[in-house]
Each structure stands twice: as structure tokens, then as C-alpha cells.
Asker: 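Attaching a single structure in C-alpha cells format; questions to follow.
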Amino acid sequence: MTEKLLEINGISKHFGGISALTDVSLQIQHGEIYALIGPNGAGKTSLFNVITGIYTPDSGSILLNGKAMTGKKPHEMAKAGVARTFQNIRLFHSMTALENVMVGRHCRTSAGVVGAVFQHPKAKTEEMAIKNRARELLEYVGIARHANTVARNLSYGDQRRLEIARALATEPLLLALDEPAAGMNHTETNSLEELFRKIRADGVTLLLIEHDVKLVMGLCDRITVLNFGKKIAEGTPDFVKNHPEVIEAYLGVSV
């Protein structure tokens, strides 16, 4: 592995006459908690979608551990080690929490459809291993008691945790979290921060979009700030929060 986990070089993305991203570059090191922040419409989710293969950039390159990943599809990015959650929670609402996490293991399975249909011993063994790992991950994120609960019946906070568990089931090198604390109260946010620190301690690099500035400033090692699709600042929390262009972007006044 290289010291740099993810390298984004000169990424631009346009939708008709609208420039969602313009020449955005950044580097994320192994073991970092890195944040993307900026006002609404700054291009944060567009960049997430490029990184995770939902969008193909018009120009620029993406490297993961030094390997070219530009233009890869979402399932290819997941298999390479990039997992994500969504701003609007996307679960299989009619499936149980356990089943949702088991789905996340699809990119790490090898038995195939034929083995599953004909109940080959290898497929049975693999399915049991998937189920056991899913139970471990539900315990890891703190919702093991809801293993057999249908996802739609979980509280909002527990649905957030379930989506994180499903992403972790892919065994990611980089976990990309799109506004994970949105809609949470102070206690829930503090608990989520503890979970993120635990995930990082267990070897997963985190990249998050988040509007909770207090959470970002207290949790993240480095931050990139976007505004109108362009990077206006990058650095430590102390550097970013005192940057004139960042203050102007958020408050609408220059300092």
C-alpha cells in the first residue's frame, strides 16, 4: 500500500451548462478522518458520486492505493475498497437488519448463483460465514438487538447505524459517509463520533460530508472546503475555520 490512500487530481464534472465540480484535487492518507464541507450546492455530494463511481468525471483522475480507478462502476469501486452511505438513507426496507448487512457482503463472496440455487456445501458454508459476520457488524455498530427487525421499523438513528454496518460488510479501505449525523440530537451525534473513532482505530479511513461543524472540527484530521464546485481551502480544522474565504462562503461577508 502507498501512504496515500486516495488521490483526486483535477476532477471536473458538468451537467449541461452547470459546473458541479471544477478542477478539484485532494489527497487522503491511510488512517485519516477527512471531511468535505461547504454551503449547500457546493459540489460535495457530486464529488462523492464521482469517487464512488456513480458519476464519471469529465476530466481528471482517481487513484486508490496508486491504482487508476477513473471511470470504474460502483460495484468495482466497492470491490476495490470504497464503500459509502447516503444522505437519504437507502436500505432494503422490507428486509431485516441482518439481511441488509448480509447483502453488503456480495462483493466478497465466491460461491455464485449456481452454488446458491443447488445448495452446494461451499455455498452453505459461505452463507453461514456471511450471516455470522453480519451479526458481528450489527454488534459492532450497537444494534445487535435489532437483527431480526425489519429495517423500516428501526428508529432513524438505528437506520443510520445499519447503513454503516452494511457498508462495513464490504470490508472497505475507505468509508465515505454522506451527512451521517443529519437529523440526530446531541447525544446521538456524540455516540456516532465514538463509533467513527472506533472504525478508524480498526484500520478504516473515513471521508465524510457533514454540516455539523462542531462534529467536523472535533473529529477530523483534515478538511477540504468546496464552494460552487471549487476547492477554496484545505487543511487542519484550525486553519480552515479561520480561513477568510471559508468564512465568506458560510456567512456571505468578507473578513
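Residues: numbered from 1 along the sequence shown. None of the values given here were measured: they were computed from a predicted structure.
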Asker: For Glu99 and Thr96, indicate whether the former's side chain and the latter's backbone hold a donor-acceptor pair under 3.5 Å.
Answerer: yes
Asker: Could you walk me through whether Lys79 and His106 pass the side-chain contact (heavy atoms from CB on, under 4.5 Å) test, one step at a time?
Answerer: CA-CA 9 Å; Lys79 192 167 185 177; His106 74 280; over 6 Å; no
Asker: Can you sort out the partners of Glu136 under side-chain contact (heavy atoms from CB on, under 4.5 Å), two or more places apart, ordered by chain and number?
Answerer: Arg133
Asker: Report, as yes or no, whether the 6.0 Å neighbourhood of atom NZ on Lys214 holds more than 12 heavy atoms from other residues, nucleotides or ligands.
Answerer: no
Asker: State whether Arg160 and Glu188 are salt-bridged, where the test is any N-O pair (Lys NZ or Arg NE/NH1/NH2 against Asp/Glu carboxylate O) under 4.0 Å.
Answerer: no
Asker: Does Arg84 make a cation-pi contact with Phe86 (under 6.0 Å, within 45 degrees of the axis)?
Answerer: yes
Asker: Do the side chains of Gln87 and Ile209 get nearer than 4.5 Å, heavy atoms only?
Answerer: no
Asker: Quick one, Asn9 and Ser61 - any side-chain contact, counting heavy atoms below 4.5 Å?
Answerer: yes
Asker: Any side-chain heavy-atom pair from Leu175 and Thr205 closer than 4.5 angstrom?
Answerer: no
Asker: Under 6.0 Å between ring centres: does that hold for Tyr55 and Phe48?
Answerer: no
Asker: Could you check whether any side-chain heavy atom of Lys231 comes within less than 4.5 Å of a side-chain heavy atom of Val225, counting everything from C-beta outward?
Answerer: no
Asker: What is the distance from atom CG of Leu192 to atom OG1 of Thr187, rounded to the nearest 0.5 Å?
Answerer: 12.5 Å
Asker: Once you round to the nearest 0.5 Å, how far does CG of Leu215 lie from CE of Met217?
Answerer: 10.5 Å
Asker: Using the rule that two of Ile, Leu, Val, Met, Phe, Trp, Tyr join whenever any of their side-chain heavy atoms come within less than 4.5 Å, decide whether Val213 and Leu206 are in one cluster.
Answerer: no
Asker: Measuring only between side-chain heavy atoms, which start at C-beta, is Asp158 closer than 4.5 Å to His146?
Answerer: yes
Asker: How about Arg197: does its CZ atom have over 12 heavy atoms from other parts shown lying under 6.0 Å from it?
Answerer: yes
Asker: We want to know whether Arg161 and Ser155 form a side-chain donor-acceptor pair, criterion being a heavy-atom distance below 3.5 angstrom.
Answerer: no
Asker: Is it true that Asp178 and Thr45 share a donor-acceptor pair across their side chains at a distance under 3.5 Å?
Answerer: yes
Asker: The test is side-chain contact (heavy atoms from CB on, under 4.5 Å); show your working for Met95 and Val150 and say whether it passes.
Answerer: CA-CA 5 Å; Met95 295 168 63; Val150 174; over 6 Å; no
Asker: Are Leu173 and Ile199 linked, directly or through intermediate hydrophobic residues, by side-chain heavy-atom contacts shorter than 4.5 Å (ILVMFWY only)?
Answerer: no
Asker: For atom OH of Tyr156, is the number of surrounding heavy atoms from other residues, nucleotides or ligands below 6.0 Å larger than 12?
Answerer: yes
Asker: Checking side-chain polar atoms at under 3.5 Å, does Glu234 have a donor or acceptor matched by the opposite partner on Tyr34?
Answerer: yes
Asker: In the structure I gave you, are the side-chain heavy atoms of Ile51 and Leu207 within less than 4.5 Å of one another anywhere?
Answerer: yes
Asker: So do the side chains of Thr85 and Ile164 get within less than 4.5 Å of each other, counting heavy atoms only?
Answerer: yes
Asker: Do Lys131 and Arg135 have side-chain heavy atoms sitting under 4.5 Å apart?
Answerer: yes
Asker: Let me see the working for Arg105 and Glu171 under side-chain contact (heavy atoms from CB on, under 4.5 Å), right down to the final yes or no.
Answerer: CA-CA 8 Å; Arg105 294 291 294 174; Glu171 297 180 9; 2.8 Å; yes
Asker: Between Leu162, Ile143, Asn132, Val101, which is the residue that forms a side chain to side chain contact (heavy atoms under 4.5 Å, CB included) with Leu137?
Answerer: Val101
Asker: Just by modelled atom types, is the Gly31 backbone N or O under 3.5 Å from a matching donor or acceptor in the Arg200 side chain?
Answerer: yes
Asker: Starting from Ile33, can I reach Leu36 by hopping between I/L/V/M/F/W/Y residues whose side chains sit under 4.5 Å apart?
Answerer: no
Asker: Please check: side-chain N/O of Lys73 versus main-chain N/O of Gly53, any donor-acceptor pairing under 3.5 Å?
Answerer: no
Asker: Is a donor on one side and an acceptor on the other found under 3.5 Å between the side chain of Arg222 and the backbone of Pro237?
Answerer: no
Asker: Would you check, one step at a time, whether the test side-chain contact (heavy atoms from CB on, under 4.5 Å) holds for Val82 with Leu6?
Answerer: CA-CA 10 Å; Val82 179; Leu6 183 71; 5.5 Å; no
